[in-house]
Amino acid sequence: MPLVNRMRPFTSTIFAEMSALAVEHDAVNLGQGFPDSDGPAAMLEAAQRAIADGHNQYPPGPGVPALREAVAAQQLDDYGLVYDPDSQVLVTVGATEAIAGAILGLVEPGRDVVMIEPYYDAYAAAVALAGGVRRTVPLVADGDGFALDRDALAAAIGPDTAAVVVNSPHNPTGTILSHDDLAEIARLCVEHDVIAIADEVYEHLVFDGAVHRPLATLPGMAERTLRISGAAKTFHVTGWKVGWLSGPMELVQAARAAKQFLTFVGSGPFQPAVAHALRTEMDWVRSDAQALGRKRTRLSKALADAGFGVHRSEGTYFVCADPRPLGVTDGAAFCRELPARVGVAAVPVSAFVDDPQPWRHMVRFAFAKDDDLIDEAARRLAGLHGKRGQLPS
Ligand code: PMP
Ligand code: GLN
């Protein structure tokens, strides 16, 4: 086959696969993580205005100044992080391009990139494109949630490590890494003089009074962390593809060198609209996070009622469930069957891991959906009780 070796494991994404099955079977799609409601009206109007006002050509390479300034201001206000909007902030085509740009710009072929398992699929693909070597460090059970295997992290980081990718709040588990876990990551990065790529796209979507603590705020980390975030999840605009990264100038320049030959630029009229939202719509975001927390509880309860074991979700759009009480041990086969069987789509956690064993059964459900849709999914999933034994395992 003509496809290059390094991309062979990446011919399709689990999100596209499960969304296609959801459409085919008219299933409630709790697989791919996108919200089914629009973001703040003023932001949507700002985008329409930007198009009407002629902001339809290439924006500046690093992003429109208003957005870079708003990104810097938000990080100063929320976390006390100081970034110069001109030299330390780069607007990207979604967080996906920020991840790819960072890894392509900073990882020499053959060097290691350490990431937490389960890991968001784009990290593995970007490392493969860069010719780097993926090394994974697992999350392990911690009560009904998860925590970092710190010994495994210490063993994985060494002279071959180019970067550590840290995603908290974490997709797919909904874990917020504890302060002790973050402190250990920071300690090891400083000790080994390693760069951190902190994917914090769910920074605002934390529940139950939790407060997000960026990795860059830990001692010794501001000068070695590229912090990635974006508008997709915060403002319900996954189709706009507006992301950004912030960090020390040399790291931002490295990511920019790669980024400018991936897309050069993108999302011209959406950038001023997101700048407007970052400046004026953070109350909307805070109340959205509260609503999401309630949806997390609603779906978690529905999953428990349907017979799943349910893990604690502290943030993001996602909750992980254990279908073994229903007699299911293979989460991937289960997810492939689920849309046809009961009319619900989900995503197997095994799609995000190298070592499938601890994750083989686990299934991720997205709850950023209308309550009516969550309730409909709950009714459909309740049917699994009656279908026990017919399910693949
Ligand atoms: N990182 C994580 C952890 C994600 O869940 C996603 C999906 N929102 C991305 C990065 C990619 O973000 P974007 O859609 O802005 O490219
Ligand atoms: N980030 C979204 C998720 O985790 C999906 C993004 C995509 O489809 N690539 O579900």
Side-chain angles (χ1 to χ4, degrees), residues 10-23 29-36 39 63 67 71 90-103 115-127 139 165-177 197-206 212 214-215 226-246 255 259 262-263 266-267 270-271 274 277-278 292 299 313-320 335 345-353 362-369:
F10 303 101
T11 48
S12 74
T13 86
I14 194 68
F15 310 115
E17 195 184 325
M18 291 303 153
S19 282
L21 278 179
V23 170
N29 190 354
L30 306 185
Q32 195 174 29
F34 61 89
D36 60 2
L67 179 53
V71 166
L90 174 69
V91 176
T92 54
V93 180
T96 306
E97 192 191 42
I99 293 161
I103 290 173
M115 61 188 75
I116 297 166
E117 176 165 290
Y119 52 79
Y120 185 58
D121 62 351
Y123 310 153
V127 171
L139 291 179
V165 183
V166 180
N167 170 219
S168 178
H170 181 256
N171 178 9
T173 61
T175 304
I176 298 175
L177 288 180
I197 298 171
D199 178 350
E200 300 180 356
V201 297
Y202 298 101
E203 62 184 309
H204 303 292
L205 306 184
V206 297
H212 174 65
L215 186 61
L226 266 184
R227 192 174 173 270
I228 293 176
S229 192
K233 306 293 163 110
T234 303
F235 295 119
H236 292 209
V237 283
T238 60
W240 284 13
K241 298 302 287 188
V242 177
W244 49 84
L245 54 79
S246 321
K259 176 263 184 295
L262 294 173
T263 58
S267 314
F270 301 125
Q271 292 191 28
V274 171
L278 276 173
L292 272 174
L299 181 60
S313 164
E314 303 166 315
T316 75
Y317 280 182
F318 310 113
V319 58
C320 284
C335 286
V347 164
V349 173
S350 57
F352 308 92
V353 303
M362 206 176 289
V363 178
R364 187 195 83 173
F365 291 88
F367 48 74
K369 307 289 168 186

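Start at 1 with the first residue, then count along the sequence. First listed ligand is number 1; within each ligand, the first listed atom is number 1.
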Lys233/Glu203 salt bridge by N-O under 4.0 Å criterion
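Answer for the salt bridge query: no.
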Between Lys259 and Val91, what is the shortest heavy-atom contact and its length?
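Minimum heavy-atom contact is CE-O, 3.3 Å.
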Least distance between heavy atoms, Pro169 atom then Val206 atom:
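Closest pair (atom of Pro169, atom of Val206, distance): CG-CG1, 3.6 Å.
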So, regarding Gly33 and ligand 2 (criterion: nitrogen or oxygen to nitrogen or oxygen, under 3.5 Å), is there a contact or not?
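Right, the criterion is met.
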Do any nitrogen or oxygen atoms of Arg364 lie less than 3.5 angstrom from nitrogen or oxygen atoms of ligand 2?
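Yes; the residue has a nitrogen or oxygen that sits under 3.5 Å from a nitrogen or oxygen of the ligand.
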Looking at side-chain heavy atoms only, is the closest gap between [X] and [Y] below 4.5 Å?
| X | Y | answer |
| --- | --- | --- |
| Leu226 | Ser246 | no |
| Phe10 | Asp121 | no |
| Leu205 | Tyr317 | yes |

Can you tell me which residue and heavy atom of the protein come closest to [atom], and the distance to 0.1 Å?
| atom | answer |
| --- | --- |
| atom 7 (C) of ligand 2 | Phe15 CD1, 3.4 Å |
| atom 2 (C) of ligand 2 | Lys233 NZ, 3.4 Å |
| atom 4 (O) of ligand 2 | Asn171 ND2, 2.8 Å |
| atom 6 (C) of ligand 2 | Tyr120 OH, 3.3 Å |
| atom 8 (O) of ligand 2 | Gln32 NE2, 2.7 Å |

State the [atom1]-[atom2] distance between [X] and [Y], to the nearest 0.5 angstrom.
| X | Y | atom1 | atom2 | value |
| --- | --- | --- | --- | --- |
| Ile116 | Phe352 | CD1 | CZ | 14.5 Å |
| Thr92 | Trp244 | OG1 | CH2 | 8.5 Å |
| Leu292 | Phe318 | CG | CZ | 10.5 Å |

Side chain or backbone of Met18 under 4.0 Å from ligand 2, or both, or neither, by non-hydrogen atoms?
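Neither part.
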One residue to check: Phe34. Relative to ligand 2, which of side chain, backbone, both or neither has a non-hydrogen atom less than 4.0 Å away?
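Answer for Phe34: neither.
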For side-chain hydrogen bond (donor to acceptor under 3.5 Å, both in side chains), just list the numbers for Tyr202 and Asn167, CA-CA rounded to whole Å, side-chain angles, deciding distance to a tenth of an Å, and then say yes or no.
CA-CA 9 Å; Tyr202 298 101; Asn167 170 219; over 6 Å; no
Quiz item: cation-pi between Lys369 and Phe34, 6.0 Å / 45°:
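Positive - Lys369 is close enough to the ring of Phe34 and near enough to its axis.
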Ligand 1 N/O to protein N/O, distances under 3.5 Å:
from: ligand 1; atom 1: 1 (N); to: Asp199; atom 2: OD2; distance (Å): 2.6
from: ligand 1; atom 1: 5 (O); to: Asn171; atom 2: ND2; distance (Å): 2.8
from: ligand 1; atom 1: 5 (O); to: Tyr202; atom 2: OH; distance (Å): 2.6
from: ligand 1; atom 1: 8 (N); to: Lys233; atom 2: NZ; distance (Å): 2.8
from: ligand 1; atom 1: 14 (O); to: Lys241; atom 2: NZ; distance (Å): 3.3
from: ligand 1; atom 1: 15 (O); to: Ala95; atom 2: N; distance (Å): 2.8
from: ligand 1; atom 1: 16 (O); to: Ala95; atom 2: N; distance (Å): 3.1
from: ligand 1; atom 1: 16 (O); to: Thr96; atom 2: N; distance (Å): 2.9
from: ligand 1; atom 1: 16 (O); to: Thr96; atom 2: OG1; distance (Å): 2.5
from: ligand 1; atom 1: 16 (O); to: Lys241; atom 2: NZ; distance (Å): 2.7

Which atoms of ligand 2 have any heavy atom of Phe318 under 4.0 Å away?
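Per the distance check, 3 (C), 4 (O), 10 (O).
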